[in-house]
Amino acid sequence: MTSLETTTEAEDSGPSGYAAARLRLLNEKGRSGPPRRAALAKLTDDWLSALFATATLEAGVRGAALVAVGGYGRGELSPRSDLDLLLLHDGGADAGAIATLADRIWYPVWDLGLALDHSVRTPGEARKVAGDDLKVQLGLLDARPVAGDLGLVAGLRTTVLADWRNQAPKRLPELDELCRERAERQGELQFLLEPDLKEARGGLRDATALRAVAASWLADAPREGLAEARRILLDARDALHLVTGRATDRLALQEQDQVATELGLLDADALLRQVYEAARTVSYATDVTWREVHRVLRARSVRPRLRAMLGGGRTPQPERSPLAEGVVEQDGEVVLARAAKPERDPVLPLRAAAAAAQSGLPISLHAVRRLAATTRPLPVPWPAEAREELVTLLGAGESTVGVWEALEAEGLITRLLPDWERVRCRPQRNPVHTWTVDRHLVEAAVKASSLTRRVGRPDLLLIAALLHDIGKGWPGDHSVAGETIAKDVAARIGFDRADVAVIATLVRHHLLLIETATRRDLDDPATVDSVAAIVGSAGTLELLHALTEADALATGPAAWSSWRGSLVADLVKRVAAVLAGDAPAEPEPTAPSAEQERLAIEALRTGEPVLALHAQAEPSAGDEPEPVGVELLIALPDQPGVLPAAAGVLALHRLTVRAADLRSIELPSELGEPSGVLLLSWRVAAEYGSLPQAARLRADLVRALDGSLDIPARLAEREAAYPRRRGVKAPPPRVTVAPAGSRLATVIEGRAQDAPGLLHRIGRAPDESALRVRSAHVSTLGANAVDAFYVTGAEGAPLPPEQASQTARALEAMLRA
């Protein structure tokens, strides 16, 4: 016999004997966690079995059993857990005898002061109540006999499980809705400073719901790490019960240090990080599992109709739609294409993530795990494609969060950005903050994605938003530490020295504007001068302004208001004025390269377009360089409609424009008179598949220029053939006139979500307004297109202010249409 069984039989059958044994067990320092919970359940079983045996004899009842349900049924008794008990009987005894039996069991439990959830039913009654009450049915899924007629309990378990599986198509959506409603009330455990370990999303209730889904045989949760996450949450609840002496599940701030000590952890932050990690595992498993449940239910509802339409027993194959190279959509998820080779394509995880986020689709668990298991590390610095895919992922808005969490669950984020480990699940004690540090950084990027139309370099804004608090994982001023980390990360992912310096400045001074605007006298010239000296340029200022707003919006509702926004805007306006006074002179235009000049001369000689294609690559860790796109050079005699025609041809051939530059140069003609030639320099990449031949591009460009190729009609046909996939809601386009952008021309700048044919549409606007494009500078930064056009009137002078504004408004209206 164990030390817990040394008391007399009389003591064991009474409340005082059980209470003493229970107290000794809870005070044993060498036993905690699952062993203690199991021992407590066993001790309780033995006590209740003795009570039941005595009670049945005294009441004269046969054909009855005492059943543990819910958490007690699972053997997960915490120090202050309720006892969930069902007195099951076959209906053979009269009601008075059953009532006497119940009283002789329930009253000793109440006398001890234990919380008791009890019921008395026949198997038929239990089955009926379970059919009407989902919570009762969930409790019965964990039914376990404590004492009495084992056959009676086995029959009930068999019946309840059969009902649950048969009714799964109806009950599982109800359970999903129940979980969602609870999450709305309680919040997400992994972000709460005082989380409810049981009721909050990612807590013990959700872990139990996953067990119920598995019992339905309809779907199963990803099991890796799930049992350990449940153990961590249960251990924290045990410690909380012991510290407080109460049956509470809320981890209040004032108890966190004591709970941490009880668990042998360093401090309250270490406790919260551990709890957050566990909750994140449960939450991710919950997302994946419910997605699979709804996929299976959809397939079940559609399959009979499809079979009838197909005639016979053929099983329809799921449709696969291409999203990017090596990435397809199937069954509402992003999966890898059959020909994808993640072991040879280190950019594939980011490309798949960007495609998923931009399409507003989840990335499948199987795809993420395959990528995590087989993809080799990216070279350092990253190739340009990897950097652009990261920017595209960050710029997708709200759908970025789910995709990012999927990558993080399988360790891909910390593999890409090793410094991320320091901020992962790190709590923020400031009550203004809604999120942990890592989620706050992702939320800041989400908020920044809606502000990308306000800045000339949305890629720098998004990366700075992702990194602005990265120093919080280190001691000291997080802005100072973050500046050093941001430099390393920006260089790692392939930004050049100038961009690295801008990102570092944004991270180091991401609090500068809000702190200055709210804590300093803006009428003091020294205040504005000091900010101008730190910022240094108008471009950095606009980025810092947008980052300030994104950071505040991602912090919580108390961090940003119209008042704070107006103060910051006032400061930015004053600093911009100071910076404008020291603006450098406009640089001289760059001379054409030898190859550009050669192509221009050939175009002038033949009077037709001349093209040259050059593959671009960057060094990699393997034997072969990483492809990053193709440089396409086009030279042709100056004429209207060149830019929209060239852009339209590229769109028809499914070429994505990453960057473009158009300018006019003067060359001497064979007659001795100067003649204008247009030079277009493009960096393009195929959406999927191989690149088209230069001869085909040239032939279509000639047809587009002479009017025999109707590009708008062809683009419209292609769009109609492929219905628009649901995706993120992008911020609206914005077109502005750059103040004092040039002395020789009016600079009109457009910012919009990148899409096939976008540049073709934009390029048509100046031609339709009888304007001349002196030069154009196009860049695609992630999912954002930033296009600047230097335009003049027919006589070659800058546009009058009113005409420039009208042109900008017309172009913006066209893009919004």
J.: Taking L323's backbone N and O only, do any of them form a donor-acceptor pair with E329's side chain (distance below 3.5 Å, no angle check)?
T.: no
J.: Take R338 and V328, measure what side chain to side chain contact (heavy atoms under 4.5 Å, CB included) needs, and give me the verdict at the end.
T.: CA-CA 9 Å; R338 295 187 179 95; V328 299; over 6 Å; no
J.: Can you find a heavy atom in the side chain of D238 that is under 4.5 Å from one in the side chain of S32?
T.: no
J.: Identify whether the distance between the nearest side-chain nitrogen and carboxylate oxygen of D235 and R231 falls below 4.0 Å.
T.: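 Between R231 and D235 there is a salt bridge, with a charged N closer than 4.0 Å to a carboxylate O.
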J.: In chain order, what residues pass the side chain to side chain donor-acceptor pair (under 3.5 Å) check against E174, with sequence neighbours excluded?
T.: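 For E174 the side chain to side chain donor-acceptor pair (under 3.5 Å) partners, ignoring immediate neighbours, are R171.
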J.: Sequence neighbours excluded and cut-off under 3.5 Å, please list the side-chain donor-acceptor pairs for residues 211-219, or say none.
T.:
residue	atom	partner	partner atom	Å
R211	NH2	D142	OD1	3.0
S216	OG	V213	O	2.5
S216	OG	L218	N	3.1

J.: Can you tell me which residue pairs pass the side-chain hydrogen bond (donor to acceptor under 3.5 Å, both in side chains) test with a partner in residues 493-506, sequence neighbours excluded?
T.: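 Only R457-D499 qualify under side-chain hydrogen bond (donor to acceptor under 3.5 Å, both in side chains).
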J.: Are the side chains of L547 and L543 in contact, using a 4.5 Å heavy-atom criterion?
T.: no
J.: Identify the two heavy atoms, one from T555 and one from H440, that lie closest to each other, and give their separation to 0.1 Å.
T.: OG1-CE1, 3.3 Å
J.: Can you give me the closest heavy-atom contact between A340 and L348, atom names plus distance?
T.: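 Closest pair (atom of A340, atom of L348, distance): CB-CD2, 4.1 Å.
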J.: Once rounded to the nearest 0.5 Å, what's the spacing between atom CZ of R415 and atom CG of L407?
T.: 10.5 Å
J.: Can you check side chain to side chain contact (heavy atoms under 4.5 Å, CB included) on L189 and D196, steps first, answer last?
T.: CA-CA 7 Å; L189 194 158; D196 188 306; over 6 Å; no
J.: Taking side chain as C-beta onward, heavy atoms only, is H366 less than 4.5 Å from L336?
T.: no
J.: Any donor and acceptor pair, going by atom type alone, linking the side chain of R387 with main-chain N or O of G494 inside 3.5 Å?
T.: yes
J.: Tell me, with the steps shown, if Y284 and Q190 meet side chain to side chain contact (heavy atoms under 4.5 Å, CB included).
T.: CA-CA 11 Å; Y284 179 62; Q190 61 178 311; over 6 Å; no
J.: Determine the minimum heavy-atom distance between W420 and W404, stating which atoms define it.
T.: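 For W420 and W404, the tightest heavy-atom pair comes out as CZ2-NE1, 3.7 Å.
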J.: Has the side chain of H468 got a donor or acceptor atom that lies under 3.5 Å from a matching backbone atom of L506?
T.: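 It does not hold such a pair.
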J.: Can you tell whether the side chains of D206 and R182 come within less than 4.0 Å, N to carboxylate O?
T.: yes
J.: Please name the pair of heavy atoms, one in V259 and one in A239, separated by the smallest distance, quoted to 0.1 Å.
T.: CG1-CB, 3.8 Å
J.: Among E325, E385, E388, find the one that has a side chain to side chain donor-acceptor pair (under 3.5 Å) with R351.
T.: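 The option that passes is E385.
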J.: How many angstroms lie between CG in L460 and CZ in F495, if you round to the nearest 0.5 Å?
T.: 5.5 Å
J.: Please name the pair of heavy atoms, one in R370 and one in P342, separated by the smallest distance, quoted to 0.1 Å.
T.: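 So the two residues come closest at NH2-CD, 3.5 Å.
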J.: If you round to the nearest 0.5 Å, how far is CG of D438 from CG of L417?
T.: 12.0 Å
J.: Using the side-chain contact (heavy atoms from CB on, under 4.5 Å) criterion, which residues pair with D176? Sequence neighbours excluded.
T.: R180, W290, H294
J.: I want to check something: taking the side chain as every heavy atom from C-beta on, are L365 and E410 in contact at a cut-off of under 4.5 Å?
T.: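 Yes, side chains in contact.
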J.: Is any side-chain heavy atom of P173 closer than 4.5 Å to one of L297?
T.: yes
J.: Inspect the surroundings of CD in E181 and state if more than 12 heavy atoms from other residues, nucleotides or ligands are less than 6.0 Å away.
T.: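 Counting other residues, nucleotides and ligands, CD of E181 exceeds 12 neighbours.
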J.: Report the residues that fulfil salt bridge (charged side-chain N to carboxylate O under 4.0 Å, His left out) with R205, sequence neighbours left out, ordered by chain and then residue number.
T.: E199
J.: Listed by chain and number, what are the salt bridge (charged side-chain N to carboxylate O under 4.0 Å, His left out) partners of E405, not counting sequence neighbours?
T.: R439
J.: Taking C-beta and beyond as the side chain, do L441 and L467 meet within less than 4.5 Å on heavy atoms?
T.: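 L441 does not reach L467 side chain to side chain.
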J.: Filter on side-chain hydrogen bond (donor to acceptor under 3.5 Å, both in side chains), then keep only pairs touching residues 481-493, sequence neighbours left out; what's left?
T.: none
J.: Between T375 and D345, is the side chain to side chain contact (heavy atoms under 4.5 Å, CB included) condition met? List the steps.
T.: CA-CA 7 Å; T375 307; D345 187 357; over 6 Å; no
J.: Once you round to the nearest 0.5 Å, how far does CZ of R223 lie from CG of L210?
T.: 9.5 Å
J.: Report the distance from atom CD of E333 to atom CD of E292, rounding to the nearest 0.5 Å.
T.: 7.0 Å
J.: Return yes if some donor-acceptor pair links the side-chain N/O of Q256 with the main-chain N/O of L251 below 3.5 Å, else return no.
T.: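 Yes.
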J.: Is a donor on one side and an acceptor on the other found under 3.5 Å between the side chain of S359 and the backbone of A356?
T.: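 Side chain of S359 to backbone of A356: no pair is present.
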J.: Answer yes or no: is there an ion pair linking R273 with D267, defined by an N-O contact shorter than 4.0 Å?
T.: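 A salt bridge is absent here (no side-chain N lies under 4.0 Å from a carboxylate O).
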J.: Report the residues that fulfil side chain to side chain donor-acceptor pair (under 3.5 Å) with D419, sequence neighbours left out, ordered by chain and then residue number.
T.: none
J.: Who pairs with S449 by side chain to side chain donor-acceptor pair (under 3.5 Å), at least two apart in sequence or on another chain?
T.: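 Expected list: none.
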J.: Are any of the side-chain nitrogens in R426 or D269 under 4.0 Å away from the carboxylate oxygens of its partner?
T.: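 Looking at D269 together with R426, the answer is no, because their closest N to O distance does not fall below 4.0 Å.
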J.: Using only atom types and a distance under 3.5 Å, with no angle test, would you say the side chain of T436 pairs donor to acceptor with the backbone of P427?
T.: no
J.: Which residues pass the side chain to side chain donor-acceptor pair (under 3.5 Å) test with K198, sequence neighbours left out?
T.: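 Side chain to side chain donor-acceptor pair (under 3.5 Å) check on K198 returns nothing, list empty.
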J.: Would a 4.5 Å heavy-atom cut-off, applied to side chains only, mark L350 and L378 as touching?
T.: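 Yes, close enough: below the 4.5 Å cut-off.
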J.: Using the salt bridge (charged side-chain N to carboxylate O under 4.0 Å, His left out) criterion, which residues pair with E177? Sequence neighbours excluded.
T.: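 So E177 forms no salt bridge (charged side-chain N to carboxylate O under 4.0 Å, His left out) with any residue.
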J.: Which atom names give the shortest non-hydrogen contact between W474 and A481, and what distance separates them?
T.: CB-CB, 4.1 Å
J.: What distance separates T208 OG1 from R74 CZ, expressed to the nearest 0.5 Å?
T.: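 It is 4.0 Å, given to the nearest 0.5 Å.
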J.: Between E277 and R280, is there a side-chain N and carboxylate O pair less than 4.0 Å apart?
T.: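 The answer is no: the pair does not qualify as a salt bridge.
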J.: Closer than 4.0 angstrom, basic N to acidic O: yes or no for R37 and E76?
T.: no
J.: Sequence neighbours left out, what passes salt bridge (charged side-chain N to carboxylate O under 4.0 Å, His left out) with E194? Give chain and number order.
T.: none
